Amino acid sequence: MAKSIHTQVAIIGAGPSGLLLGQLLHKAGIDNVILERQTGDYVLGRIRAGILEQVTMDLLDEIGVGERMHREGLVHGGFELLFGGVRHRIDMNRLTGGKNVMVYGQTELTRDLMQARAAAGLSTIYEAQDVSVHDFDGRTPSVRYEKDGKQHEISCDFIAGCDGFHGVCRASVGRGAITEYEKVYPFGWLGLLSDTPPVSDELIYVNSTRGFALCSQRSKSRSRYYLQVPLTDKVEQWSDEAFWRELRLRLDGEGRERLVTGASIEKSIAPLRSFIAEPLRFGRMFLAGDAGHIVPPTGAKGLNLAATDVKYLSAALIQYYSDRSEEGIDGYSARCLARIWKAERFSWWFTSLLHRFPDDGPIVAKFQQAEVEYLLNSDAGSRTIAENYVGLPLDFGQ
Ligand code: APR
Ligand code: PHB
């Protein structure tokens, strides 16, 4: 085994959660090492949602990584719902007293964070194989991994499990110490990325008789579209032409007229899942981001929840190191979960409102239509959608 090194916080996973946490801790003078199973290019190749709430924008600014986001990101003050062929706009900005969201791809955000970490000379060990976490129930946790055929060990004060849904940290917790809540949805999202101008300035969420569709974007010249598809579909079955044909069928006349099609840059099918682990702290190990919870993508809450987890975790660790108080780390799990459950509820509800569930008959489509008519004709109803979409205030209701 190679000589063991020590760091204050060993972070597992170099996705948005791990990279954000690393920068926040570094800024506070807390040293950290990130271990990532994949290469940096692989991490950047994963296409995910790209809607940032104000809290996420603020966090990027706080660590000095927001410059490109402000330059290239698109501020959106509203979005559209296309229901039964009729469009309705949710004026988020008006309904929330001036709040907006930022359209900025997770890939770009991850790239900015990677560059900032490299510029600060911080250690990220990519292609770390067989990462394992040890003794987090005691005072001297450690992390072991293999790299280039050699075994390594890092001793640390704390372990941050930022290793996503399939990571090693949550899986290392004793079964009796964790409760997992899960709902798997009976359909997937087929996503297509293309260098074509978006069909509309704002996002359009579509509930059609043929199923859900979403018209999203990454910039003025790059579009991201999604179609609800059966779980049995394989991406190879979907040519670009078939995708565009189906999207047209789910759009309205205006959408069909304005849609610009082109070759796909990326096409993939993602399953939809609601998942929450409780608690998120196990002695000296914490779970943050997708390691602790998954939302269905409807409403794009995943990245924003990851950002608030690491905001709370960094605050707790800073409190620990600055005045040896364990109050923050003791409260971490409850503080995060209070926010997570509300975003999980919204994502589940928004998914239920917009999709066709295979076992639901025409009556549920009528319920959805009635619900949307109610929500959009009531200021309170519209505000409920808007204030959840832009993100509830930090520590809401606590
Ligand atoms: N050892 C080392 N690294 C690991 C391991 C392991 N055993 N298991 C997983 N990882 C790495 C993955 O390769 C990945 O790069 O952990 C990282 C986790 O990153 P993400 O899955 O992006 O999770 P997170 O950083 O929490 O980001 C949350 O991503 O999925 C979206 O909706 C989600 O936008 C949200 C964001
Ligand atoms: C996306 O652009 O990928 C996206 C946007 C909004 C969502 C989900 C995904 O609700």
Side-chain angles (χ1 to χ4, degrees), residues 10-22 33-53 56 74 76 79 101-107 109-110 113-114 124-133 143-147 159-172 189 191-193 198 202-206 212-219 222-226 266 268 270 272-273 275 287-310 313 343 346-347 350-351 354 388-389:
I11 301 172
I12 318 300
S17 301
L19 290 167
L20 262 174
L21 180 63
V33 171
I34 302 186
L35 295 178
E36 166 59 53
R37 181 164 56 186
Q38 307 288 354
T39 63
D41 282 346
Y42 182 95
V43 173
L44 285 175
R46 292 190 293 233
I47 309 292
R48 271 132 176 215
I51 303 289
L52 311 186
E53 296 175 5
T56 308
L74 303 170
H76 281 203
F79 63 87
V101 296
M102 175 79 83
V103 173
Y104 190 62
Q106 185 170 313
T107 309
L109 186 149
T110 307
L113 288 168
M114 281 167 89
T124 311
I125 300 162
Y126 285 98
E127 297 181 271
Q129 302 306 309
D130 293 328
V131 172
S132 57
V133 290
V143 175
R144 293 185 204 142
Y145 65 99
E146 195 190 305
K147 168 98 183 166
I159 298 171
C162 299
D163 49 349
F165 184 64
H166 300 288
V168 66
C169 293
R170 194 182 71 251
S172 303
W189 275 21
L192 181 147
L193 189 69
E202 296 184 335
L203 270 63
I204 311 175
Y205 290 84
V206 187
F212 170 78
L214 171 60
C215 305
S216 183
Q217 52 189 266
R218 292 288 174 273
S219 68
R222 181 167 285 190
S223 299
R224 180 73 168 160
Y225 294 102
Y226 296 97
E266 194 265 1
S268 53
L272 273 73
R273 185 192 304 272
F275 173 88
L287 303 180
D290 278 15
H293 42 86
I294 296 284
V295 282
T298 334
K301 292 283 164 229
L303 175 59
N304 297 295
L305 279 182
T308 37
D309 286 357
V310 299
L313 182 52
F346 174 70
S347 307
F350 207 34
T351 302
L354 292 169
N388 280 280
Y389 195 92

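Predicted model, so just to flag it, every value in this text is computed and none were measured. We count ligands from 1, going down the list as the structure has it; atoms in each ligand are counted the same way. Values below: all heavy atoms of this structure, side chains included; hydrogens, waters and symmetry mates excluded.
- Taking atom 5 (C) of ligand 2 as the reference point, the nearest protein heavy-atom neighbour is S216 OG, 3.4 Å.
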Stepwise side chain to side chain contact (heavy atoms under 4.5 Å, CB included) check, R218 with I47: CA-CA 11 Å; R218 292 288 174 273; I47 309 292; 4.2 Å; yes
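- Using bins of under 30°, 30° to 60° and over 60° for the plane-to-plane angle, the ring pair Y226/W189 lands in the tilted bin.
- For the pair N304 (side chain) and I51 (backbone), a donor-acceptor distance under 3.5 Å is present.
- Counting heavy atoms closer than 4.0 Å to ligand 2, residue Y225 contributes nothing at all.
- Using a 4.0 Å cut-off to heavy atoms of Y205, the atoms of ligand 2 that qualify are 6 (C), 7 (C), 10 (O).
- Within the 3.5 Å criterion, the main-chain N or O of V168 finds a donor-acceptor partner in the side chain of D163.
- Close contacts of ligand 2 with P297, meaning ligand atoms under 4.0 Å from a residue heavy atom, involve 7 (C), 8 (C), 10 (O).
- Of all atoms in ligand 2, listed by their number and element, those nearer than 4.0 Å to a heavy atom of I51 are 5 (C), 6 (C).
- Proximity of L203 to ligand 2, defined as any heavy-atom pair under 4.0 Å, is confined to the side chain (atoms from C-beta onward).
- With a 4.0 Å cut-off on non-hydrogen atoms, I47 does not touch ligand 2 at all.
- Contact annotation for A300 and ligand 2: heavy atoms of both the backbone and the side chain come within less than 4.0 Å of the ligand.
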Evaluation steps, side chain to side chain contact (heavy atoms under 4.5 Å, CB included), between L303 and L109: CA-CA 10 Å; L303 175 59; L109 186 149; 4.1 Å; yes
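- With ligand atoms numbered from 1 in the order given, ligand 2 contributes 1 (C), 2 (O), 3 (O) to contacts under 4.0 Å with heavy atoms of R218.
- Using a 4.0 angstrom heavy-atom cutoff, Y104 does not count as in contact with ligand 2.
- Taking the ring axis of F165 as reference, the NZ or CZ atom of R170 stays within 45° of it and closer than 6.0 Å to the ring centre.
- Contact residues for ligand 1 (protein heavy atom closer than 4.0 angstrom to any ligand atom): I12, G13, G15, P16, S17, L35, E36, R37, Q38, V43, R46, R48, Q106, V131, C162, D163, G164, G167, V168, G289, D290, G302, L303, A306.
- Panel note: side chain K301, backbone P296; no donor-acceptor pair is recorded below 3.5 Å.
- Below 4.0 Å from some heavy atom of G299 lie the following atoms of ligand 2, by number and element: 10 (O).
- Looking at heavy atoms from C-beta onward, D309 lies out of side-chain contact with S17 at the 4.5 angstrom threshold.
- Among protein heavy atoms, the minimum distance from atom 3 (O) of ligand 2 is reached at Y226 OH, 2.6 Å.
- Within the 3.5 Å criterion, the main-chain N or O of G302 finds no donor-acceptor partner in the side chain of D290.
- The aromatic rings of F346 and Y389 lie perpendicular to each other, with more than 60° between the two planes, well past the 30° mark.
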